[in-house]
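Just below is one structure, and these are the notes that go with it.
Lettering follows sequence order; numbering is per chain, from 1. Since we're looking at a predicted model, the values are computed, not measured.
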Number of protein chains: 4
Amino acid sequence: MARGINKVILVGNLGNDPETKYTQGGMAVTKASLATTSVRKDREGNTQERTEWHRVTFFGKLGEIAAEYLRKGSQVYVEGSIRYDKYTGQDGVEKYTTDIIADEMQMLGGRAEGGAPKREFGGGGESRQSRPAQPQGGAPRREAAPAKSNDFGTDFADDDIPF
Amino acid sequence: MARGINKVILVGNLGNDPETKYTQGGMAVTKASLATTSVRKDREGNTQERTEWHRVTFFGKLGEIAAEYLRKGSQVYVEGSIRYDKYTGQDGVEKYTTDIIADEMQMLGGRAEGGAPKREFGGGGESRQSRPAQPQGGAPRREAAPAKSNDFGTDFADDDIPF
Amino acid sequence: MARGINKVILVGNLGNDPETKYTQGGMAVTKASLATTSVRKDREGNTQERTEWHRVTFFGKLGEIAAEYLRKGSQVYVEGSIRYDKYTGQDGVEKYTTDIIADEMQMLGGRAEGGAPKREFGGGGESRQSRPAQPQGGAPRREAAPAKSNDFGTDFADDDIPF
Amino acid sequence: MARGINKVILVGNLGNDPETKYTQGGMAVTKASLATTSVRKDREGNTQERTEWHRVTFFGKLGEIAAEYLRKGSQVYVEGSIRYDKYTGQDGVEKYTTDIIADEMQMLGGRAEGGAPKREFGGGGESRQSRPAQPQGGAPRREAAPAKSNDFGTDFADDDIPF
DNA sequence: TTTT
DNA sequence: TTTT
């Protein structure tokens with residue numbers, strides 16, 4: 001039971017290639033920085049620009065997808081929640097961190113740095129078969145797979161959905 | 001793989017008690033109308049008010065929870081997607097419907113019409129233990145249970161999450 | 001005073017070039033259809049795909065921006081609200097429509113049909129000066145201008161914001 | 001022109017009475033902490049609960065409304081964006097803060113600590129007329145006023161909207 | 001650190 | 001009607 005809603009929706013570009021680690025249980029934990037920039041006019045009419053750098057974390061299957069498809073520069077839609085943490089650094093000082101825990105991701109148009117032009121994305125299913133088993137350096141090769149195992153959320157394993 | 005985002009977030013009050021049917025496979029399909037009202041000033045400075053009535057559908061476990069806890073007047077948060085359908089009526093005319101397919105729901109403060117005050121809101125766990133095992137007619141008796149089986153979205157069956 | 005929240009977030013591609021009309025007061029009203037597709041596996045493991053076509057309406061300055069920058073095929077982020085309307089057709093039959101009233105829009109990567117590659121977007125400010133007064137057929141020429149007059153929402157005409 | 005989307009949607013309860021300061025220009029800056037709690041089952045089937053405390057900042061007119069209507073315990077919907085800041089403390093150590101900059105707020109059912117029941121929720125307009133002209137200490141007395149000056153977002157000062 |  |  002959740003008491004409250006903690007929802008974040010981001011659209012931006014990655015500032016770095018995602019970095020992936022694995023837990024002892026073998027779960028992928030992928031992290032990347034995502035920039036969102038807003039612009040406003042100040043009183044003198046000058047354009048004021050400000051960029052927020054969000055630390056986004058992708059767990060599990062989503063972490064594997066992010067590792068495989070996202071690269072520095074990728075434009076991406078991320079939906080998730082905010083998580084605040086506190087820890088004591090080696091210098092004995094308390095530090096605070098804020099992370100966006102992604103629970104949905106979708107790659108958007110555009111291309112990663114050094115990547116292939118967008119029409120290379122979405123190649124036929126055959127490229128999907130021929131993909132390397134392990135993500136490697138270089139540009140992403142095709143469009144992102146689903147961010148969630150089930151786009152309909154609830155218990156749609158039951159297939160007698162009336163539509 | 002989803003291609004696109006179709007997300008709706010509603011906060012409003014139900015205009016009727018939810019109605020539940022079951023599919024042949026035994027899945028609950030609960031429907032209710034939810035009102036959201038917006039207000040603006042027109043050019044003459046008069047307040048113009050407008051209410052949208054959203055047809056919300058809850059499937060599966062969420063449908064059972066909605067049936068148990070929601071009543072006419074309930075204030076509720078709903079997250080879902082928009083679904084457009086077309087069918088031919090008995091008069092041979094094509095009809096169009098729009099539904100909000102909920103994939104998350106959360107009851108908010110306030111009380112259903114004729115319902116008991118939500119004094120157990122935030123109260124101790126004891127009232128939670130004394131709830132009847134089966135939903136019965138009348139007002140909802142306790143806070144909404146989870147809208148999703150897993151608030152963390154991904155594959156957190158794996159318990160070695162590093163937090 | 002709004003009573004309730006009625007919020008829609010869409011990311012998808014336009015199925016047609018936007019169409020713009022003007023009110024007697026000179027306000028632009030631009031409409032376009034936006035597709036979002038979701039995919040799920042049915043019980044037999046077959047991929048089931050479903051596309052929703054959202055009718056999106058952009059008013060005022062946003063309508064002018066949409067008319068200038070969006071084209072068939074454009075990938076776009078839209079934030080707005082749902083509006084249900086009812087009218088009586090010339091055949092005397094009541095009809096129902098559902099529209100998404102946009103209040104924020106942002107062009108995403110990718111390109112419109114027949115359009116130039118994305119790096120043509122974002123041309124310098126000079127192209128902004130030389131743009132035709134009226135949108136014409138063909139590809140959009142630069143990245144979308146702001147969807148809202150003020151990205152900070154509140155009364156930031158006051159410039160003594162402490163950041 | 002914004003480049004990216006940075007959107008946060010929160011529903012939760014305030015952990016403290018809001019605190020308001022004014023800029024030299026006279027703009028209200030109101031801050032409060034808002035809790036959202038999520039729950040999940042761990043591998044042993046134990047319920048794991050976790051609360052995030054969001055620091056929410058309301059500027060301008062919204063800051064005045066928040067100061068007048070919100071109290072410790074208030075249940076509230078907040079929409080805004082995430083803002084990360086860095087500063088050097090008096091101890092010479094760099095500190096990082098994360099704030100949610102609200103651009104829309106709506107009070108939800110429920111009541112503030114020590115406050116009166118929200119029985120006027122949905123009640124007649126008369127209690128609305130009898131409200132004190134100036135906010136005073138104690139519990140909020142009526143439903144939240146609008147979070148935004150204009151619920152329709154765009155340039156609806158122009159009143160020839162075709163609906 | 002991204003992007004335009 | 002889009003997109004992949």
Side-chain angles (χ1 to χ4, degrees), chain A residues 10-19 31-39 47 49-56 69-76 78 106-115 118-125 127-128 141-146, chain B residues 1-6 84, chain C residues 10-19 31-39 47 49-56 69-76 78 106-115 118-125 127-128 141-146, chain D residues 1-6 84:
Chain A
L10 303 175
V11 174
N13 296 276
L14 296 194
N16 60 338
D17 283 350
E19 294 168 13
K31 293 174 181 288
S33 290
L34 188 154
T36 59
T37 301
S38 60
V39 180
T47 293
E49 192 168 288
R50 185 184 158 97
T51 296
E52 307 301 330
W53 283 100
H54 309 269
R55 300 171 19 135
V56 183
Y69 296 109
L70 301 184
R71 290 294 176 272
K72 181 180 182 179
S74 295
Q75 188 181 35
V76 66
V78 169
Q106 200 161 125
M107 282 195 66
L108 302 173
R111 45 166 152 159
E113 186 181 66
K118 184 170 186 306
R119 64 200 150 82
E120 301 251 325
F121 289 120
S127 69
R128 191 162 293 183
R141 299 219 172 72
R142 54 188 176 92
E143 182 126 357
Chain B
M1 172 177 56
R3 293 195 297 280
I5 298 294
N6 171 1
Y84 307 100
Chain C
L10 303 175
V11 174
N13 295 275
L14 296 194
N16 60 338
D17 283 351
E19 294 167 13
K31 293 175 182 288
S33 290
L34 188 154
T36 58
T37 300
S38 59
V39 180
T47 294
E49 192 169 289
R50 187 184 155 97
T51 296
E52 307 301 328
W53 283 101
H54 308 269
R55 299 172 18 138
V56 183
Y69 297 108
L70 300 184
R71 291 294 177 273
K72 181 179 181 178
S74 295
Q75 189 182 34
V76 66
V78 168
Q106 200 161 124
M107 280 195 67
L108 301 174
R111 45 167 151 159
E113 184 181 67
K118 182 170 190 306
R119 64 199 150 82
E120 301 250 323
F121 290 119
S127 69
R128 189 163 295 184
R141 299 219 175 72
R142 56 191 175 89
E143 184 129 356
Chain D
M1 173 178 53
R3 292 195 297 281
I5 299 294
N6 172 0
Y84 307 99

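Of all nucleotides listed (F:dT1, F:dT2, E:dT2), E:dT2 comes nearest to the side chain of A:Thr37. In the set F:dT4, F:dT1, E:dT2, F:dT1 carries the atom at the smallest distance from any side-chain atom of C:Ser33. Counting only heavy atoms from C-beta on, C:Asn16 has its side chain closest to F:dT1 among F:dT1, F:dT4, E:dT2.
C:Asn13 has its CG atom 10 Å from the P atom of F:dT2, to the nearest Å. Per the geometry, CD belonging to A:Gln106 stands 11 Å off C1' belonging to F:dT3, to the nearest Å. The CZ-P distance, from B:Arg3 to F:dT2, rounds to 12 Å in whole Å. Between A:Leu14 atom CG and E:dT3 atom C1' there is a gap of 11 Å when expressed in whole angstrom units. One interatomic measurement links the two molecules: CG of C:Leu108 to P of F:dT3, which rounds to 14 Å at whole-angstrom precision. Distance CZ (C:Arg71) to P (F:dT2): 16 Å, rounded to an integer number of Å. The CE-P distance, from A:Met107 to F:dT4, rounds to 12 Å in whole Å. Look at CD on A:Gln75: it is 10 Å from C1' on E:dT2, rounded to the nearest Å.
Residue contacts for C:Thr36: at a heavy-atom cut-off of 4.0 Å it reaches no nucleic acid atom on any strand shown.
At distances below 3.5 Å, at least one donor-acceptor pair connects side-chain atoms of A:Gln75 with backbone N or O atoms of C:Gly109. Put simply, the side chain of C:Asp17 gets close to the backbone of C:Lys72: a donor and an acceptor are under 3.5 Å apart.
Within the 4.5 Å cutoff, no side-chain heavy atoms of C:Val76 are placed close to those of C:Asn13.
In the model, A:Thr36 has a side-chain atom that pairs as donor or acceptor with a side-chain atom of A:His54 under 3.5 Å.
Aromatic stacking is marked for C:Trp53 over F:dT1, as both cut-offs hold: 5.5 Å for the centres and 30° for the planes.
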